[in-house]
Amino acid sequence: MLLIRMKLLQLLVRKSEQLEMLFQPRLYQKQFPYMCLATSACLHSKKKKGNSYEQVDQEKYQSLVCSVTSYKASAQTPETIFEEDNLLYGQPLKHTPSNKVETKTPKNWVSLINPEKRVSLVNSDSNRPMKIALQKSKVPSVTRILQQTIPPQQAFYLERWKQKMILELGKDGFAEYTKNLFLQGELFHAALESIFLHEEMATKEQEENSAVSGYLSSVQHVLKDISEVKALESAVQHEALQYLGLVDCVAKYRGQLCVIDWKTSEKPKPFLQNTFDNPLQVAAYIGAINHDANYDFQVSCGLIVVAYKDGCPAHPHFMDPDLCSQYWNKWLLRLEEYMDRN
């Protein structure tokens, strides 16, 4: 019995060795894929250690992988690169340009306020505003300088408006229209001068004139804040920079001495930027007064009053000293541009 058991044991040992030799190549074949890079799955009862690539969203990047593997290096173009960037990073954001504009500095910078000018504390004839006549001269005027250095964009819109008006009115009709505008402006300035000089008879006649009655009604609320008129329709000249102009009015507006510029308009101009080059004109007049020996005072503020023919309340645009300094800098640049051209 014992002998039979021993023979069975030997037989089992031999069979196990044969089975081991039989399955050993197949086991090696099963393990071989793990010794090289391959994308095929292997069947094992024991789970391998997690791979970081398995966490990638394969569906999301499937088209990218296909496009990269299908392209040859020599066939890559800017378009294909952009496509790959879009797949990786998404659509590029549009760049918004900065609103900051580099401010140029005039080569020949002169201060708006004249540090060497002596201001008289007592005016000998404070009740009578100054009125210096504008003499013909080779010195360029503020109006001429601004007209000849108008920015291209502003010139484009001005020319487009002009052509539109010519189409509606014709050349002769447009010439008559502009002539009437200038005439109304002159009558309006004359009416204001009569008011400030307390010429009651002239003021009454002008208020009855339909051409200016609407403008006068428009500025009534502004006139209440104006006092101590120092100059009316008076010529000024900057002695250092050599330009001249005709100032509408110099007076106090709500207690601040200002160069006042009266403007007429058929369209509302509720903001200062709607007045185009008028702030530069005011700044130029301020600088001229401060450097003109005929005036024994200095000004640091400005006021642009836009009056309307239909009598709607005028828009007063006050310019404080800081704002005047900014427009003074712009005026100096325009003046330099004019001098370079001439």
Side-chain angles (χ1 to χ4, degrees), residues 131 133-195 202-203 205-219 232-236 243-249 259-285 304-315 317 331 334-335 337-338 341-342:
K131 189 179 174 90
L134 185 63
Q135 304 292 333
K136 288 185 178 182
S137 173
K138 293 182 179 180
V139 177
S141 68
V142 173
T143 304
R144 181 181 179 183
I145 294 168
L146 290 175
Q147 286 177 347
Q148 293 196 13
T149 59
I150 187 171
Q153 186 178 10
Q154 189 174 330
F156 168 77
Y157 287 116
L158 183 63
E159 182 63 25
R160 190 173 70 172
W161 170 82
K162 179 181 176 182
Q163 295 301 325
K164 181 182 177 182
M165 295 297 291
I166 291 176
L167 286 174
E168 293 179 1
L169 306 174
K171 289 186 178 181
D172 294 338
F174 178 71
E176 188 68 21
Y177 170 79
T178 53
K179 181 180 177 181
N180 289 333
L181 283 181
F182 285 119
L183 179 60
Q184 289 177 12
E186 290 178 0
L187 292 174
F188 176 52
H189 282 76
L192 290 171
E193 185 177 349
S194 299
I195 292 172
T203 303
E205 291 178 1
Q206 288 159 347
E207 287 177 350
E208 294 175 355
N209 188 344
S210 59
V212 296
S213 59
Y215 295 125
L216 293 176
S217 299
S218 179
V219 298
L232 284 172
E233 299 292 332
S234 189
V236 293
Y243 68 85
L244 51 80
L246 190 67
V247 177
D248 289 349
C249 180
V259 166
I260 303 175
D261 202 21
W262 305 99
K263 298 296 182 184
T264 60
S265 177
E266 295 181 350
K267 294 182 179 179
K269 294 184 178 180
F271 304 106
L272 185 63
Q273 57 264 32
N274 300 137
T275 61
F276 301 105
D277 283 343
N278 295 152
L280 278 73
Q281 185 179 19
V282 169
Y285 290 157
I304 299 173
V305 183
V306 185
Y308 304 109
K309 189 175 182 178
D310 59 2
C312 289
H315 284 113
H317 301 294
W331 158 252
R334 296 281 286 272
L335 179 62
E337 183 181 347
Y338 174 84
R341 291 181 181 181
N342 296 273

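These numbers come from a predicted model, not from an experiment.
D261 places no side-chain N or O within donor-acceptor distance of the main-chain N or O of V282, the cut-off being under 3.5 Å. Listed for the S218 side chain is no donor-acceptor partner under 3.5 Å among the backbone atoms of A307. Between the Y243 side chain and the A284 main chain, a donor and an acceptor come within less than 3.5 Å of each other.
The shortest heavy-atom contact between H315 and Y308 is ND1-OH, 2.6 Å. Scanning all heavy atoms of the two residues, the minimum distance from L134 to G245 falls at CD1-O, 4.0 Å. The two atoms that bring Y285 and V142 nearest to each other are CE2-CG2, 3.7 Å, heavy atoms only.
The side-chain heavy atoms of E337 and R341, taken from C-beta on, include a pair separated by under 4.5 Å. No side-chain heavy atom of R160 sits under 4.5 Å from any side-chain heavy atom of Q163. With a 4.5 Å cut-off on side-chain heavy atoms, E233 and L246 count as touching. Counting only heavy atoms from C-beta outward, the side chains of D172 and E176 never approach each other to under 4.5 Å. In this structure, S137 and L244 have side chains that are in contact, with non-hydrogen atoms separated by less than 4.5 Å. Looking at M165 and T178, their side chains never come closer than 4.5 Å, going by heavy atoms from C-beta outward. The shortest side-chain heavy-atom distance between Q281 and K263 falls under the 4.5 Å cut-off. With a 4.5 Å cut-off on side-chain heavy atoms, Y338 and L146 do not count as touching.
We find the CH2-CD1 distance between W331 and I145 to be 3.5 Å, quoted to the nearest 0.5 Å. With rounding to the nearest 0.5 Å, the separation of OG in S217 from NZ in K309 is 13.0 Å. Between the CG atom of D248 and the CG atom of L232 there is a distance of 9.0 Å, given to the nearest 0.5 Å.
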(message) side-chain contact (heavy atoms from CB on, under 4.5 Å) for I195 and L216? Distances and angles first, verdict last.
(response) CA-CA 10 Å; I195 292 172; L216 293 176; 4.0 Å; yes
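Around the NZ atom of K131, the shell of radius 6.0 Å holds more than 12 heavy atoms that belong to other residues, nucleotides or ligands.
Identified under the ring-ring contact (aromatic ring centres under 6.0 Å, His included) test for residues 140-175, with sequence neighbours left out: W161-F174.
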Ignoring hydrogens and angles, write down the donor-acceptor pairs under 3.5 Å from the side chains of residues 264-277, residues two or more places apart or on other chains.
from: S265; atom 1: OG; to: K267; atom 2: N; distance (Å): 3.1
from: S265; atom 1: OG; to: K267; atom 2: O; distance (Å): 2.6
from: E266; atom 1: OE1; to: Y177; atom 2: OH; distance (Å): 3.1
from: E266; atom 1: OE2; to: Y177; atom 2: OH; distance (Å): 3.3
from: N274; atom 1: OD1; to: F271; atom 2: N; distance (Å): 3.0
from: T275; atom 1: OG1; to: L272; atom 2: O; distance (Å): 2.5
from: D277; atom 1: OD1; to: R334; atom 2: NH1; distance (Å): 3.4
from: D277; atom 1: OD2; to: R334; atom 2: NH2; distance (Å): 2.9

